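Taking it in order: structure first as structure tokens, then the write-up.
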There are 2 protein chains.
Amino acid sequence: MSQSDTVQRILDAAEVLFAQKGFAETSLRAITSRAGVNLAAVNYHFGSKEALIQAVFERYLTPFCQALDAKLEELEGETRSGGEVPLEKLFTVASRLALGSHGDEPRRAMIFFRLSGQAYSQPQDHLRAWLREHYGPVFRRFLALLRRAVPDVPPMELFWRVHFSLGAVIFTLSGMESLQAISKKDFNQSVTAAHITQQLLPFVVGGIRGGG
Amino acid sequence: MSQSDTVQRILDAAEVLFAQKGFAETSLRAITSRAGVNLAAVNYHFGSKEALIQAVFERYLTPFCQALDAKLEELEGETRSGGEVPLEKLFTVASRLALGSHGDEPRRAMIFFRLSGQAYSQPQDHLRAWLREHYGPVFRRFLALLRRAVPDVPPMELFWRVHFSLGAVIFTLSGMESLQAISKKDFNQSVTAAHITQQLLPFVVGGIRGGG
DNA sequence: TGGTGCCTCAAACGCTAGTTTAAAACGTCT
DNA sequence: AGACGTTTTAAACTAGCGTTTGAGGCACCA
């Protein structure tokens with residue numbers, strides 16, 4: 001078993017367990033047991049539990065943000081010759097990337113949204129600060145394109161509405177499995193990632209534009 | 001120190017600390033220390049930490065849900081003679097009640113929204129199930145009025161959009177203090193509860209109606 | 001005054017957590 | 001084959017957790 005193998009197995013196990021039970025409620029013993037590695041391996045390879053949490057985020061977020069950044073640059077290029085990117089297209093691009101930029105099934109995206117939800121509801125802002133520092137620029141780039149897509153919405157209100165949208169996405173996907181049960185019971189219809197994003201798009205677009 | 005005094009002091013301390021640091025990260029020792037009572041008092045008066053968490057929710061939610069239920073009944077009465085309650089009015093009523101049904105400043109509402117966020121991102125659905133069981137009927141009553149306010153939105157989509165809205169609210173108010181910092185820096189404008197709900201209303205209304 | 005419930009208190013219990021240690025195993029190069 | 005840096009292993013350590021215990025305090029009524 002090579003080094004990277006152990007590291008990857010730990011990351012895989014941690015990703016799933018953190019999403020399932022939260023950071024505090026997931027013990028290193030549970031992670032290493034699931035990964036089939038020794039308990040001490042986490043502290044050996046990552047240094048601490050906190051560092052492991054950051055590593056889990058980094059492994060997912062870095063490819064996604066690189067892909068998003070490239071795509072946004074492409075879109076900026078298109079609009080340099082006048083016009084702006086439609087609101088729907090911006091969100092479609094982002095969601096398609098979030099769901100499929102890793103080559104694996106969108107199940108991982110779900111797992112990761114759950115993680116994000118827990119990161120945000122976490123008190124200590126170590127993690128939040130770290131996320132903002134590392135991935136803030138892409139977010140601001142997205143926001144700039146957004147501003148040109150809805151020029152009639154004042155920047156201040158747009159800022160808030162983007163956060164509202166983020167909340168809708170993360171919160172919903174965080175509570176997926178319970179919502180899945182409700183939805184199945186009330187509407188006899190199961191829930192897929194594609195299905196949810198399909199529902200999300202009109203809501204977010206309507207919300208950003210504002211109503212009333 | 002009378003009994004109810006100790007109980008209330010524990011609830012006060014727990015409410016703040018749970019919101020600040022989460023359920024798992026808040027120890028009974030921290031709670032009793034802040035409350036100025038003995039460690040064993042929690043297990044004596046509430047039985048367990050889990051029961052204390054439920055008690056915190058109950059103390060807040062019961063008055064709110066009673067007030068909301070009464071208000072909804074009143075609205076139903078108005079519409080019995082034909083017509084339906086406008087979307088804006090439904091949400092205005094709900095938000096006003098959430099912010100002011102306790103006689104104290106809306107700061108408590110913020111604390112409570114943080115709690116809700118943590119309850120939802122929590123893995124064990126003991127709490128979620130308990131909340132649903134106790135306060136589900138009011139929610140369904142609200143949903144029924146909503147359905148009549150936007151008859152052109154299919155029930156399935158409305159169901160999702162309501163959850164998206166809930167997510168927007170809880171997520172935003174959960175991350176308040178960090179958003180406060182950003183907003184102050186970028187827009188030189190501080191953030192109040194009234195201000196946020198004012199921003200939320202058009203977003204939620206637009207989102208529920210849907211755009212695109 | 002003595003007894004009866006309710007409450008408080010300091011101390012301890014059992015347990016699990018993250019982390020550390022030192023020896024053993026492994027792979028690689030001379 | 002032997003030495004060396006890296007990785008794995010089992011075991012222990014320290015700390016903090018929720019909970020329990022039994023003695024003590026306090027108000028109230030006979």
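FYI, side chains are in, hydrogens and waters are out, and symmetry mates aren't considered; it's all heavy atoms of this structure. Owing to the predicted nature of the structure, the values given are computational and were not obtained by experimental measurement. In what follows, every chain begins at residue 1, and chains take the letters A, B, ... in the order their sequences are listed.
- Shown here are the side chain to side chain donor-acceptor pair (under 3.5 Å) partners of B:Ser33, two or more places apart in sequence or in another chain: there are none.
- Regarding contacts with the backbone of D:dG18, every side-chain N or O of B:Ser48 stays at 4.0 angstrom or more from both OP1 and OP2.
- Residues satisfying the salt bridge (charged side-chain N to carboxylate O under 4.0 Å, His left out) test with A:Glu74, not counting sequence neighbours, are A:Lys71.
- Taking atom CD1 of residue B:Ile10 and atom P of nucleotide D:dT19, one finds them 13 Å apart after rounding to whole Å.
- Atom CG in B:Asn43 sits roughly 13 Å away from atom P in C:dT8 (whole-Å rounding).
- Residues meeting the salt bridge (charged side-chain N to carboxylate O under 4.0 Å, His left out) test with B:Arg148, sequence neighbours left out: none.
- Judged purely by atom type and a 3.5 angstrom limit, A:Thr32 uses its side chain to pair as donor or acceptor with the backbone of A:Arg29.
- At least one side-chain nitrogen or oxygen of B:His45 sits closer than 4.0 Å to the OP1 or OP2 atom of C:dT8.
- Rounded to whole Å, the distance from CZ on A:Phe46 to P on C:dT19 is 13 Å.
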Distances under 3.5 Å only, N/O to N/O: pair up the protein atoms with those of nucleotides 11-17 of chain C.
none

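- As a whole-Å value, the separation of A:Glu50 CD from C:dT19 C1' is 15 Å.
- The phosphate of C:dT8 has OP1 or OP2 within less than 4.0 Å of a side-chain N or O from B:Thr6.
- Annotation: salt bridge (charged side-chain N to carboxylate O under 4.0 Å, His left out) contacts of B:Arg147 (sequence neighbours excluded): none.
- With sequence neighbours excluded, the residues forming a salt bridge (charged side-chain N to carboxylate O under 4.0 Å, His left out) with B:Glu157 are B:Arg161, listed by chain and number.
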